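See below for the structure under consideration.
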Amino acid sequence: MKKRHGIIASALAFSILLCQGCGARGGNENITAGMEAIEALDYDTALASFAAAGEAGEDPRLRYRGEGIAYLGKTQYADASAAFEMALASSSGRVDGMDFDINYYLATAYYRQGESDKAIAAYDAIIGLRPEERDAYYLRGTIFAQRGRLEEALADFDKTVSLNTRDYDRLISIYCVLEEYGYRESGQAYLQSAMESGTKYMTNFEKGRISYYLEDYENARNYLEKARDENGYEAALFLGRTYETLGDFNYAVSVYNTFLDGGEENAQILNQMGLCKMQMKDYGGALEAFQRAIQIEDSGMLQVLKMNEIVAYENLRDFGKAASLLESYLKTYPDDTTAKREYEFLKTR
C-alpha cells in the first residue's frame with residue numbers, strides 16, 4: 001500500500017504531541033484514567049472513564065476533549081467532532097492553549113468525515129488568533145493541495161517555510177504532500193531552492209534526503225553513507241531505499257541487516273526490508289520481515305504491517321490465510337475501503 005504523507009498522519013501526529021502536555025488537573029481522577037486508557041489504545045475503557053467523569057462533575061472541557069480523542073481512535077469521526085465542539089463550547093470564553101489544541105483535533109475529525117471545508121475553517125480560526133502558527137498553515141495547505149487548489153496550497157506552504165527557513169523536515173513534508181497529490185515539480189522547487197540557498201546548516205542526513213527526493217541518487221547515497229553513524233535507523237532507511245532505487249536490492253538488504261545486527265529491532269527498517277524482498281520476489285523472506293516487525297510493540301505501523309503481511313501471503317498464493325487475516329484486519333480497520341475490495345476478491349479465490 002502506498003505510504004501517505006498527507007493531512008491525516010500530519011494532523012494526528014501533531015495532536016499526539018499536544019496531548020502530552022495537556023493532562024487532567026487535580027480532582028479529575030476519571031479523566032486522568034481515561035487519558036491513560038487512550039495512551040494504551042483502549043478507547044472503550046477511556047470512554048467509560050469519561051462517562052464516569054461526567055457523573056462525577058469533573059472538568060467538562062477536559063472530559064469532552066478526551067471523548068473526542070477516544071472517538072478519533074475508534075474512527076467514529078462524527079462523534080469525535082461533536083465531542084470537540086462541546087469541548088470548545090465549554091470554554092470560559094478566554095482563549096488559551098487548549099482551545100488551539102482542541103481546534104487541531106476538531107479539524108482532523110472534520111477532515112476524516114469528509115468535511116474539508118469545516119477543517120479549513122478550523123485552521124482559519126487558529127490562524128486568525130495566531131498568525132504565526134506554522135502547523136495550521138501547513139495542514140490547511142495540505143487540504144488545499146488535496147482539493148486541487150494549488151495556488152492557495154503554495155501560499156500556505158510559502159508562509160510555513162518563511163516562518164522557519166531551516167526546518168528541513170517540514171520542507172521535505174511539503175514536498176511529499178505535493179508529490180502525493182500530483183504536484184511533484186512544485187514540491188521539488190522547494191527542495192531545489194533550499195539546496196541553492198546553501199547547505200551550511202544542513203546535516204548530511206538532510207542533504208541526503210533532499211537529494212533523494214530531487215532524484216539525485218548518487219549524491220543522496222554519498223551523503224547518507226556519511227550519515228549512517230549520525231542518524232540511526234532513519235539514515236539506514238533512506239540509504240537502503242536509495243540503493244533500491246539504483247537497482248542494487250542485495251546491497252539495500254545488507255544495509256538493513258547491518259542496522260538490525262546492531263541489536264535494535266526497528267519496524268520501519270523491517271518493513272522496508274520486507275518491501276525490498278517483495279521486489280526481489282523473495283516472498284517468504286518478505287513475510288518473515290513483516291511478521292518480525294509486527295511483534296514490535298507501539299511501532300505505530302501495525303496497520304501497514306498487517307496489510308503487507310496479507311499481500312505477502314497472496315504472493316505466496318496462500319489465499320486462504322490471506323483472506324482469514326484480511327477478515328480480522330477489517331474488524332480493526334473497518335474504514336479501509338481498499339481492503340474491503342480486496343477481501344471480496346480473495347473470497348472468490
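All of these numbers come straight from a predicted model, not from anything done at the bench. As a basis for the values below, the full set of heavy atoms in this structure was taken, side chains included, without hydrogen atoms, waters or symmetry mates.
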Open item on the list: On the six-membered ring of Phe50, is Arg63 placed so that its NZ or CZ lies under 6.0 angstrom from the centre and within 45° of the ring axis?
Closed with: no
Open item on the list: Has Thr203 got a side-chain atom pairing as donor or acceptor with Glu206's backbone, closer than 3.5 angstrom?
Closed with: yes
Task: Spacing of Asp59 atom CG and Ile31 atom CD1 [to the nearest 0.5 Å] - done: 5.5 Å
Open item on the list: When you compare the side chains of Tyr329 and Gln303, does any donor N or O come within less than 3.5 Å of an acceptor on the partner?
Closed with: yes
Open item on the list: Is any side-chain heavy atom of Asn250 closer than 4.5 Å to one of Val253?
Closed with: no
Task: Under 3.5 Å donor-acceptor, Tyr137 side chain and Pro131 backbone - done: yes
TODO: Please examine the side chains of Tyr71 and Ser81, heavy atoms only from C-beta on, and report whether any two atoms are closer than 4.5 Å.
DONE: no
- [ ] Please determine, by modelled atom types, if Gln268 and Glu234 share a side-chain donor-acceptor pair under 3.5 angstrom.
- [x] no
TODO: Answer yes or no: does atom CD of Glu151 have more than 12 heavy-atom neighbours from other residues, nucleotides or ligands under 6.0 Å?
DONE: no
Task: Centroid-centroid under 6.0 Å between Phe238 and Tyr212 rings - done: yes
Open item on the list: Could you check whether any side-chain N or O of Asn103 sits under 3.5 Å from a backbone N or O of Asp99, counting only pairs where one atom can act as donor and the other as acceptor?
Closed with: yes
- [ ] Without swapping roles, check the side chain of Thr199 against the backbone of Met195 for a donor-acceptor pair under 3.5 Å.
- [x] no
Task: Note, Tyr111 side chain near Gln146 side chain (heavy atom, < 4.5 Å) - done: yes
Open item on the list: Take a 6.0 Å sphere around CD of Glu85 and say whether it holds more than 12 heavy atoms from other residues, nucleotides or ligands.
Closed with: yes
Open item on the list: Using only atom types and a distance under 3.5 Å, with no angle test, would you say the side chain of Ser49 pairs donor to acceptor with the backbone of Thr45?
Closed with: yes
Open item on the list: When you measure from the side chain of Glu132 to the backbone of Leu163, do you find a donor-acceptor pair of N or O atoms at a distance under 3.5 Å?
Closed with: no
Open item on the list: Taking CZ in Arg130 as the centre, count heavy atoms belonging to other residues, nucleotides or ligands within less than 6.0 Å. Is the count above 12?
Closed with: yes
Open item on the list: Tell me whether the NZ or CZ atom of Arg209 lies within the 45° cone about the ring axis of Tyr168 and under 6.0 Å from its centre.
Closed with: no
Task: Donor-acceptor pair, side chain of Ser324 and main chain of Lys321, under 3.5 angstrom - done: no
TODO: Decide whether a cation-pi geometry holds between Arg65 and Phe84; the criteria are a distance under 6.0 Å from NZ or CZ to the six-membered ring centre and an angle within 45° of the ring axis.
DONE: no
Task: Check: Ile38 main-chain N/O paired with Asp42 side-chain donor or acceptor under 3.5 Å - done: no
Open item on the list: Minimum heavy-atom separation for Tyr104 and Ala136, please, with both atom names.
Closed with: OH-N, 3.2 Å
Task: Within-4.5 Å side-chain heavy-atom neighbours: Phe205 and Tyr223 - done: no
Open item on the list: Given 3.5 Å as the limit, does a donor-acceptor pair link the side chain of Gln192 with the main chain of Leu214, or not?
Closed with: no
Open item on the list: Would you say CD of Glu344 has more than 12 non-hydrogen atoms from neighbouring residues, nucleotides or ligands within 6.0 angstrom?
Closed with: yes
